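Just so we're clear, the structure is a prediction, and the values are computed from it rather than from any experiment. Order of listing sets the numbers, starting from 1, for every ligand and every atom in it.
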Amino acid sequence: MSATATHVLLIGIDGVRHDTFAEVPTPHLDAIGAAGLHRPVLVHPDVPTISGPSWATMLTGVLPASHRILDNDLTGNELAAHPDVVHRATSHRPGMQTFVGADWQPLVTNHSGGPLLAGGGFLPDCPRGSDAGPADWHCADQLVVDAAADALSGFTSGPGSVSFVYLHGCDTAGHHSGVGPLYRELIAASDQRVGQLLHALEARSSRAEEDWLVIAATDHGHRPEGGHGGDTDAERTAWISACGPGVPTGGSAPLELADVAGHVSHVLGLPPRSEAFIGLPFGARAALRPGAAAPGPGRAGESC
Ligand SMILES: [Zn+2]
């Protein structure tokens, strides 16, 4: 978009209900929204409210009919034809630096038919699964963020970078004991970890010469007792917060989760992969509603 180096930071926080998010102190995520947008997003009706298909839609920009991920077993996927936006960015822009880290194995390893992200990524060495407890969930999220913060600090400025940092703790807490104190604790802790990432970004010596697109998003909500996969508003309402190049400030244009891939593709100038790609730049979707009294996309922001 410009001669200024463009860097992209995607933060995925699994399973954070929009209404609960609004009740928990989250100053760092709120700052992203205040500098750009924060919007509830209804998970597309073709996408089950399950992590695999939802993250796949967000990161590839295509629906399950194309990426063929229908649950948390990614076996038989069509990701080779519809790769994630991190892979597309590094393939299209030589020299692009990248970091991918996640504490849910199918995103970054071949577990359950993964990795969803073609290049794989960092997986923390903490106890996981049914034997793991809250201290282990914190351990895993924190190690991912520590590794990500190191990467963000170490990127050279010129070629740009694209990173995906994924935190599983909120979703794990929701499954463990529903939308209660532990769930809220993990949401607050995730926000503190987002703060660590933002601090690493802002502390870069070359920060003034860089454009940073920061997008934080969740993939689905939770039922009050914990669990998701159904069609209730609590499960189907996700959210996106974003700031930086091209992100509208103000306005209330509708968004799709696929617009995460759409906006990153727009900002980095990536060519569309296929006609199945439904992701659009944030704010562009209002223009698709002819005659509607849409409030418009808002003013395009330039910095986070
Ligand atoms: Zn999930």
Side-chain angles (χ1 to χ4, degrees), residues 10-21 24 29 40-60 63-64 67-74 77 79 84 100-109 111-117 121 123-124 128-130 132 134 136-138 140-141 144-145 164-180 182-184 186-187 189-191 193-194 215-241 255-258 260-261:
L10 305 177
I11 305 167
I13 309 176
D14 202 299
V16 177
R17 274 174 68 132
H18 184 256
D19 56 352
T20 311
F21 176 82
V24 175
L29 287 159
V41 180
L42 280 180
V43 178
H44 191 285
D46 291 356
V47 180
T49 57
I50 298 172
S51 302
S54 195
W55 289 113
T57 298
M58 202 183 317
L59 293 171
T60 67
L63 291 169
H67 59 60
R68 303 302 303 164
I69 294 173
L70 303 174
D71 56 30
N72 289 334
D73 183 350
L74 280 51
N77 69 69
L79 292 170
D84 66 276
V100 172
D103 48 353
W104 185 48
Q105 293 140 295
L107 292 173
V108 292
T109 74
H111 189 281
S112 299
L116 199 158
L117 290 113
L123 178 75
R128 59 177 64 88
S130 56
D136 303 311
W137 312 336
H138 279 290
D141 281 359
V144 168
V145 166
F164 178 63
V165 184
Y166 166 94
L167 307 180
H168 199 187
C170 296
D171 183 62
T172 306
H175 283 292
H176 179 270
S177 48
V179 179
L182 197 52
Y183 184 65
R184 293 164 191 269
L186 265 294
I187 293 174
S190 296
D191 181 74
R193 293 181 174 116
V194 169
I215 303 174
T218 198
D219 55 338
H220 53 71
H222 261 276
R223 294 188 292 273
E225 70 278 18
H228 51 85
D231 284 326
T232 64
D233 286 349
E235 293 162 275
R236 199 157 279 286
T237 306
W239 50 264
I240 295 173
S241 297
L255 300 176
E256 291 279 348
L257 291 181
V260 170

Does Asp219 bring an N, O or S atom to within less than 2.8 Å of the Zn ion (ligand 1)? yes
Parallel, tilted or perpendicular: which describes the rings of Trp104 and His168, with under 30° parallel and over 60° perpendicular? tilted
Shortest-distance N/O/S atom, Asp14 versus the Zn ion (ligand 1): OD1
Within-4.5 Å side-chain heavy-atom neighbours: Val24 and Asp191: no
At less than 2.8 Å, would any N/O/S atom of Ser51, backbone or side chain, sit next to the Zn ion (ligand 1)? yes
Give a yes/no answer: is there an N/O/S atom of His220 under 2.8 Å from the Zn ion (ligand 1)? yes
Answer yes if the side chains of Ser51 and Asp219 hold a donor-acceptor pair under 3.5 Å, and no otherwise. yes
Spacing of His222 atom NE2 and Asp19 atom CG [to the nearest 0.5 Å]: 12.0 Å
